[in-house]
Structure formats: structure tokens, C-alpha cells
There are 2 protein chains.
Amino acid sequence: MGKPGVASRRAGTAAGNDTRRVLVVAAIETLKTEGFVGTSARAIAKRAGCNQALVFYHFGSVVDLLLAALDEVSARRLERYTAAAPSITNPSELLAVASEVFAEDMDNGYVTVLAEMIGGASATPGLGPEVARRIAPWRDFARDTIESGLGGSPLASVLPLGEVSHAVVALYLGLEMLSHLDGDRSQATSLFEHAGRLAALLGAISSTAPPATKETS
Amino acid sequence: MGKPGVASRRAGTAAGNDTRRVLVVAAIETLKTEGFVGTSARAIAKRAGCNQALVFYHFGSVVDLLLAALDEVSARRLERYTAAAPSITNPSELLAVASEVFAEDMDNGYVTVLAEMIGGASATPGLGPEVARRIAPWRDFARDTIESGLGGSPLASVLPLGEVSHAVVALYLGLEMLSHLDGDRSQATSLFEHAGRLAALLGAISSTAPPATKETS
DNA sequence: GTCTATACTTGGATAGAC
DNA sequence: GTCTATCCAAGTATAGAC
């Protein structure tokens with residue numbers, strides 16, 4: 001029972017828990033700037049200002065630390081998303097919030113962490129399912145938000161929510177990768193602007209036209 | 001002049017050119033199954049059935065071989081895309097072809113190669129711009145195809161082609177990553193099916209309604 | 001052009017002192 | 001809990017024989 005495993009959260013000492021946190025933060029930062037390939041135990045420890053051996057003492061392996069980092073990011077973002085969600089009641093607001101949140105995610109590189117983990121999952125055996133399990137909440141959240149954002153819009157009846165939310169997560173991921181690749185976010189932000197305008201147009205239509213009924217035949 | 005650099009294509013001997021090809025193919029295959037992290041000179045050489053040192057003799061470095069592999073994949077896919085493009089004249093056909101091509105790409109893992117290279121570009125200095133340059137043609141092709149696929153549809157006047165084609169490439173990338181992650185393509189294929197139905201609906205509308213003019217005010 | 005052998009580096013992981 | 005020291009595996013890259 002000397003070594004705290006991945007599962008044991010109550011590690012004991014205040015200093016110990018502190019080191020855990022510092023390591024997680026350092027792992028996130030390293031993942032963002034160096035990518036999955038560059039995120040070694042040594043690189044993380046250097047950034048955390050502590051010793052490389054502590055990674056293994058606290059988390060058992062590098063991958064497990066990385067998963068803890070993903071957990072942390074996931075929790076932070078879901079908290080943020082959930083706070084922003086209640087204000088959404090129509091497509092226009094939906095796009096406005098999505099655009100804002102995307103900008104934030106890009107600024108602090110949260111989606112990068114996710115993207116790098118997905119990429120790394122190809123090579124590390126057993127990592128795939130773990131990452132997949134941590135993405136599920138994001139898609140669930142997307143589904144709920146889209147549902148309430150569409151409101152009574154006629155679109156709600158034709159759009160398959162499951163597929164659309166999956167596509168939204170995929171698009172989010174892809175946009176991040178491309179932006180990160182050529183260090184240029186303008187394409188993505190421009191896309192959000194145009195989408196916002198279309199959503200406003202859509203809102204105007206759905207407020208004049210009646211919600212989908214069978215009378216139109 | 002003994003060693004052929006990355007630039008020199010006319011390496012000379014038939015056997016030499018053959019080895020080059022074999023190495024490129026092996027690199028593609030390794031990238032698909034092992035990911036960027038697992039694609040070492042040794043892994044590639046083992047799959048190619050030759051010696052590890054040949055990677056450096058023919059390509060100078062592993063990254064340069066990987067870039068050659070990306071070139072090969074890019075060329076193959078653009079050839080395929082270009083062949084399929086002429087048959088597209090309306091949104092419904094556009095989606096049908098896109099769906100078919102996506103299935104192919106998933107089967108032979110071409111997008112995986114691209115995704116892995118993008119992920120790896122975060123860690124390898126100087127790789128980013130090289131990969132970005134090789135993606136540009138894909139986006140250009142997407143733009144042209146979408147343009148001709150939309151035809152006289154009213155959508156053509158409201159959709160910003162540049163942003164949409166960027167989004168399409170991003171979506172393509174994201175869908176591939178997610179599918180690859182949980183080894184399940186059903187979400188993506190289902191998405192294409194639904195999109196196809198919507199496109200058909202759209203085609204029906206645009207054939208009855210007049211193309212966008214100013215008379216509607 | 002292709003091989004073997006090897007130098008050099010980095011990273012994961014553990015043992016043991018403090 | 002944290003450190004130093006160390007082992008071992010795997011990778012890049014080069015030299016030199018064939």
C-alpha cells in the first residue's frame with residue numbers, strides 16, 4: 001500500500017496531493033506545446049519543477065498521468081459549457097455561444113489535448129477505449145445543447161440529433177487540428193461568423209413561419 | 001553525390017527506385033496501423049522487408065520518408081477524387097459521391113495517414129508547414145466540387161465557399177479520428193445517409209423554386 | 001545499393017538513500 | 001514523498017564491408 005495507484009485518490013499528505021495537481025497541470029501544458037510524442041515523463045517533470053520518478057510514484061505510468069490530465073480538462077470544459085448552456089434558446093444564441101466557447105478552447109488549447117490523445121491512442125495499446133469513454137460526455141452535452149438551441153425551429157424535426165452532435169464534435173476536433181497546423185485561426189473564426197449570420201436568418205424564418213406541421217401539403 | 005537526397009528523384013538503378021517505392025508503401029501501412037508514434041525507421045524497414053539503414057540512404061531521415069508517403073497518398077486520392085467529380089451536378093449527387101469516397105478512404109486508411117501526420121506535426125519542428133502545404137490541394141478540390149455540386153441551388157448564394165470547404169476538410173478529418181478511435185464507423189456512415197436524404201430534399205426544393213433572384217422581395 | 005555493426009541519445013521504469 | 005542513480009529498451013543516424 002505504499003504506492004498510491006491510479007485509482008486511489010486520497011493519497012494522504014497535503015504535499016502529495018499538491019504534487020499530483022502540479023504534475024497534471026504540467027502534463028496538460030506539455031501535451032499542448034510538445035504534442036503526444038514530446039510528452040515524456042522527463043519533459044513533464046521538468047515543467048512541473050520536480051523529479052521524473054514522481055510521475056511513476058503518483059500515477060504508475062506516463063499514460064495514466066495523461067489520462068488524468070484528460071480527465072481534468074474534460075471536467076473543466078464541461079463545467080464551463082454547462083454554465084453557458086442555460087442562456088441558449090434559439091439557433092442564433094446557440095451559434096454565438098459556440099463561437100465564444102470555441103475561441104476559449106483555442107486560446108487555452110483544451111481541444112489540442114483531446115486531439116493529441118486521440119492521435120496517440122493509435123499507437124498505445126489500450127488507450128483508445130479510455131479516451132473514447134472520456135469523449136462521450138462531450139457528445140452528450142453537444143446533443144442536449146443543440147436540442148434546446150433548436151427550440152421549436154422546423155429544423156429540429158428533420159435533423160437527426162445523434163448524428164449531428166457526433167458531427168459537431170468531429171468538426172470541432174478537425175477545426176482545431178487544422179488551425180493548430182498552420183497557426184492560423186482565421187478560417188475557423190470566419191466560419192463561425194458566417195454560421196452565426198445563417199442562424200440569425202434561420203431564426204427570422206422560424207419566427208414568421210409556423211413550426212413544422214402537416215398542413216403544408 | 002553518392003547519396004540521393006530528398007530532392008533527387010532520378011536515383012538511378014531500377015532496384016533502387018523499387019526499394020524507394022516499397023519503403024513508401026511500408027511507411028503508409030505502418031502509419032495506418034501503428035500511428036505516428038509507432039512509425040520508426042525500424043518498424044517501416046521490417047514491414048518493407050529490408051534494412052533499417054536504407055531509410056536514411058534513400059530519404060535522409062524518417063520524417064522525409066513520411067512526407068514522401070503523404071505525397072503518395074495525396075496524389076492517389078486526388079486522382080480518385082478528380083475522376084469522380086465530373087458526375088456531380090447537384091447536391092444529391094454531391095453527397096452520394098462524398099459518402100462513397102469517404103467509405104473508400106476509411107477502408108484503406110488514407111485519411112488516417114493525414115490525421116497522424118497532422119498530430120505528429122505538433123512535436124516535430126518544421127513539419128507543420130510541410131503538411132499544411134500538402135493539405136491545400138484537398139481543400140481546393142473540396143471547394144471546386146462543392147461549387148459545381150451546388151449548381152444553381154439557392155444555397156450557393158448564401159454559403160461562403162472558402163469557409164465551407166475548410167469546414168468540410170475539418171469534418172472529414174474529425175470523423176475519421178473518431179471512427180478510428182472506437183473502431184466504429186456506423187456514426188459516420190449514418191451521418192452520410194441522413195445528409196444524403198436532406199440533399200435530396202433540397203434538390204426537390206431547388207427544382208421547383210426559382211434560383212435565387214431579387215424578385216422575391 | 002544493401003547489409004552488419006555500432007555510436008549516441010532519449011525515454012520508461014525501478015531501487016534505495018534521505 | 002522526494003530525490004539520485006541506474007538498468008534496460010528502442011530509436012536515429014553513421015561507418016564501413018560486401
Side-chain angles (χ1 to χ4, degrees), chain A residues 1-6 8-24 26-27 30-31 34-69 116 120 123-127, chain B residues 1-6 8-24 26-27 30-31 34-69 116 120 123-127:
Chain A
M1 257 203 212
K3 267 194 186 178
V6 185
S8 80
R9 285 234 140 228
R10 41 184 184 0
T13 325
N17 281 328
D18 208 54
T19 303
R20 281 185 71 97
R21 267 196 301 275
V22 172
L23 277 174
V24 167
T30 312
L31 222 34
E34 314 290 333
F36 187 87
V37 217
T39 303
S40 62
R42 288 179 158 89
I44 298 171
K46 185 174 180 181
R47 197 178 291 258
C50 71
N51 194 275
Q52 168 249 356
L54 287 181
V55 169
F56 302 95
Y57 176 78
H58 283 290
F59 296 92
S61 74
V62 179
V63 206
D64 286 332
L65 170 53
L66 261 40
L67 282 173
E116 288 297 330
T124 317
L127 188 53
Chain B
M1 261 201 208
K3 267 195 188 179
V6 186
S8 80
R9 288 236 138 227
R10 43 189 181 356
T13 325
N17 281 329
D18 209 52
T19 302
R20 281 185 70 98
R21 267 197 300 274
V22 172
L23 277 175
V24 168
T30 312
L31 221 35
E34 314 291 331
F36 187 87
V37 216
T39 303
S40 61
R42 286 182 157 89
I44 298 171
K46 186 174 179 182
R47 197 179 291 258
C50 72
N51 194 273
Q52 168 251 354
L54 287 182
V55 169
F56 302 95
Y57 176 78
H58 283 290
F59 296 91
S61 75
V62 178
V63 207
D64 286 332
L65 168 54
L66 261 38
L67 283 173
E116 289 297 329
T124 317
L127 186 54

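The chains referred to below are lettered A, B, ... by the order of the sequence lines, with proteins before strands, and numbering in each begins at 1. As the structure is a computational prediction, the values presented were derived from the model and not from experiment.
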(request) Measure from CD1 on A/Ile44 to P on D/dT2 and round the result to the nearest Å. (result) 16 Å
(message) I need the full list of salt bridge (charged side-chain N to carboxylate O under 4.0 Å, His left out) pairs touching residues 43-63 of chain A, with sequence neighbours left out, sorted by first then second residue.
(response) A/Glu34-A/Arg47
(message) If I take atom CG from residue A/Leu54 and atom CZ from residue A/Arg20, how far apart are they, to the nearest 0.5 angstrom?
(response) 11.5 Å
(request) Quick one: list whatever passes side-chain contact (heavy atoms from CB on, under 4.5 Å) with B/Ala41, sequence neighbours left out. (result) B/Gln52, B/Val55, B/Phe56, B/Val62
(request) Would you kindly give the CZ-to-P distance between A/Phe59 and C/dT14, to the nearest whole Å? (result) 16 Å
(message) For A/Phe36 versus B/Val37, what's the shortest heavy-atom pair and its separation?
(response) CD2-CG2, 4.0 Å
(message) Nearest whole Å is fine: how far is D/dT2 C1' from A/Phe56 CZ?
(response) 15 Å
(request) Mind checking B/Val62 for me? I need base, sugar-phosphate or nothing, with any heavy atom below 4.0 Å counting as a touch. (result) sugar-phosphate
(request) Send over the distance from B/Glu34 CD to D/dA10 P, rounded to a whole Å. (result) 13 Å
(message) What is the distance, to the nearest angstrom, from the OH atom on A/Tyr57 to the C1' atom on C/dG16?
(response) 14 Å
(message) With a 4.0 Å cutoff (strictly under), does any side-chain N or O of A/Ser61 reach OP1 or OP2 of C/dG12?
(response) no
(message) Given 3.5 Å as the limit, does a donor-acceptor pair link the side chain of A/Glu116 with the main chain of A/Gly35, or not?
(response) no
(request) Could you state the atom-to-atom distance from CG of B/Leu66 to C1' of D/dG11 in whole Å? (result) 14 Å
(request) Could you tell me the separation between the NE2 atom of A/His58 and the C1' atom of C/dT14, rounded to a whole number of Å? (result) 16 Å
Using atom names, set out every protein N or O paired with an N or O of nucleotides 3-10 of chain C below 3.5 Å, distance rounded to 0.1 Å.
residue	atom	partner	partner atom	Å
C/dC3	OP2	B/Asn51	N	3.0
C/dT4	OP2	B/Asn51	ND2	3.0

(message) Looking at every heavy atom in both A/Ala27 and A/Leu65, which two are closest together, and how far apart are they?
(response) CB-CG, 4.0 Å
(request) Starting at atom CG of B/Leu23, determine the distance to atom C1' of C/dT2, rounded to an integer number of angstrom. (result) 11 Å
